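Working notes, beginning with the structure itself.
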Amino acid sequence: MESLVVVDYGAGNLTSVVNALSFIGLKATASSDPSVIIRADRLVFPGVGAAGTAMQTLNETGIGKAIIDVVKAGRPVLGICIGCQIILDSSEENGNVKTLGLIPGRTVRFRNEPGYKIPHMGWNQVDFKQIHPIFKGIESGRNFYFVHSYHPSDVPYACVFAETTYGSQSFTSALGKDNLIATQFHLEKSGSVGLQVLKNFSEWDGQCLQNG
Amino acid sequence: MLTKRLIICLDVRNRKVTKGIQFQGNVDVGDPVEMGARYSDEGVDELVFYDITASAENRSCDIEMVKDIAKHVFIPFSVGGGIRNLEDMHRVLLAGAEKVSINSLAVLHPEIISEGAKAFGNQCMVLGMDAKFVGVSEKIPSGYEVYIQGGRKAMSLDAVEWACRAEALGIGEICLNSMDADGMQTGYELTITELIARAVNVPVIASGGAGTLEHISTLFEKTSADAALVASMVHFGNYTVQGIKDAMKKSGIPVR
């Protein structure tokens, strides 16, 4: 049977992700063991918390290397929230932290804007910029749940799959490259549309057509 | 554009959702897990579960219930009542809740706010606040006083001052319950809601008093509250989530 692994690197709450996968009939194993992660047929890389702390854990435990290996082996990998930021080159959070560098780009903080609170928390629209198999059957502009103070930036056009606007700031809210896809929004907390994306991910062969 | 949130509050006693009027005379209305899942399917944006007897019984909140909710509800939900320390917070968050809500504990031990924010992040710390109009005085400049222990004990603490202090300590959100309006279905207490929403830079949830669709539209038209909390309106079947959302949309309020 295909193994679906949820990476456990101590960065917040895995329960919701495992529960959501189980609710749609998928058996997922949460693991912090690099030897289990590296053998996963399909990987979910979730997380809340700070990028700096998360990166430190990923480096020290060897989990970071295991994730890179799964991505390079061409197996489907899904990042959520911090998991969407850590695959970029660097993050402004906790100083300037070097992150996994699987997709070009960096993570920056929202600019302060009168009337717009940070964190950006709540339901906001996700506008698709390219077709992706994990968004199959979902209209552009649907609302997903966000909680974050930092967001992906400077991602090459070919890797941007969705954008979201907060105040006057538009940011990349879904990004990907080949068999790697990631969302800044929480699929496990976005009700039925979120569950649909997780379901689509579980059926995805890791192939996608990209712009440019 | 970030939408305005509709939140349903479920007060739980002995594993049953209950609804009181001005903190008294409760009636049981259903099973928390079932009701939570149903409201979530109907499109509510967030849920709040309060274990209303945990504090009085001096126990931590019903963690098995939280785990059960997390297996059936895939929208954000917070848990309050019986959060006595960091360990309780940790257990609730690990069980799958998005946020913890603290009220009396925060008033009596404000340092718990900064400790919780540091350990788990500001975004999961919600301050529940029960406020009552007592008239403007030197001690209570806004006229609204903070009460604790389910509205039984006045604290000689000004509601607006407390909100600002809690924000400085690292609270991520404030759920403001007007004791004067609670369960009365006569509309939200707009004055204190706006005073607090203007004073802080974290989201404010208005609670207490919603009885008609107009009350909800008025809240968003007259104040800068981020979310409306309802209970009686939906628990007794008078209104549906969809009906409330449609009315909000019609009034030009951005909704999911």
Side-chain angles (χ1 to χ4, degrees), chain A residues 8 10-24 47-50 53 81-82 110 112-127 141-149 164-170 185-198, chain B residues 1-7 37 39-47 63 66-78 90-99 118-126 167 172-174 197-198 200-205 224 226-227 241 245 254-256:
Chain A
D8 178 3
N13 193 5
L14 292 183
T15 323
S16 310
V17 174
V18 175
N19 281 346
L21 292 168
S22 150
F23 188 79
I24 55 174
V48 291
T53 329
C81 195
I82 289 290
F110 278 109
N112 287 323
E113 214 176 314
Y116 292 90
K117 293 154 186 175
I118 300 173
H120 168 230
M121 179 172 74
W123 298 82
N124 202 337
Q125 298 86 56
V126 170
D127 298 316
R142 290 295 298 268
N143 286 282
F144 286 83
Y145 188 74
F146 290 83
V147 191
H148 60 130
S149 303
T164 295
T165 304
Y166 186 46
S168 68
Q169 305 172 62
S170 276
F185 39 95
H186 288 267
L187 298 168
E188 75 285 10
K189 291 280 178 186
S190 291
S192 56
V193 280
L195 296 177
Q196 182 61 52
V197 178
L198 288 172
Chain B
M1 185 197 286
L2 194 63
T3 59
K4 296 284 185 180
R5 285 173 282 157
L6 178 70
I7 303 179
Y39 288 139
S40 164
D41 287 345
E42 289 173 7
V44 76
D45 298 315
E46 203 165 315
L47 296 167
I63 206 79
V66 179
K67 285 185 186 165
D68 219 7
I69 293 166
K71 286 183 185 142
H72 296 90
V73 170
F74 299 102
I75 57 169
F77 70 91
S78 56
H90 195 207
R91 290 195 310 141
V92 165
L93 296 171
L94 278 184
E98 187 77 9
K99 309 170 187 178
K118 189 160 176 270
F120 314 115
N122 306 40
Q123 82 288 340
C124 51
M125 301 291 295
V126 183
E167 181 188 24
E173 188 163 59
I174 295 174
R198 256 197 234 161
V200 298
N201 199 32
V202 296
V204 172
I205 305 166
S224 42
D226 299 89
V241 171
K245 288 283 190 86
V255 293
R256 172 163 77 107

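Just so we're clear, the structure is a prediction, and the values are computed from it rather than from any experiment. Hydrogens, waters and symmetry mates are skipped; everything else that's a heavy atom, side chains included, is used.
When heavy atoms are compared at a cutoff of 4.5 Å, D226(B) approaches chain A solely by way of its side chain, counted from C-beta outward. Heavy atoms of S190(A) lying under 4.5 Å from chain B belong exclusively to its backbone. Neither the backbone nor the side chain of L187(A) comes within contact range of chain B; no heavy atom of the residue lies under 4.5 Å from a heavy atom of that chain. When heavy atoms are compared at a cutoff of 4.5 Å, S40(B) does not approach chain A at all.
The backbone N or O of T3(B) lies less than 3.5 Å from no partner atom in the side chain of R256(B), so there is not a single donor-acceptor pair. Within the 3.5 Å criterion, the main-chain N or O of M1(B) finds a donor-acceptor partner in the side chain of N124(A).
For the ring-ring contact (aromatic ring centres under 6.0 Å, His included) test, residues two or more places apart in sequence or in another chain that qualify with Y166(A) are F110(A), Y116(A), H120(A). Applying the side-chain contact (heavy atoms from CB on, under 4.5 Å) rule to K71(B) yields the partners N19(A); only residues at least two apart in sequence or on another chain are considered.
Among G191(A), G194(A), S192(A), S149(A), the residue with the largest count of heavy-atom pairs under 4.5 Å with chain B is G191(A).
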Handout entry: Derivation of the side-chain contact (heavy atoms from CB on, under 4.5 Å) call for I75(B) and D45(B)
Key = CA-CA 7 Å; I75(B) 57 169; D45(B) 298 315; over 6 Å; no
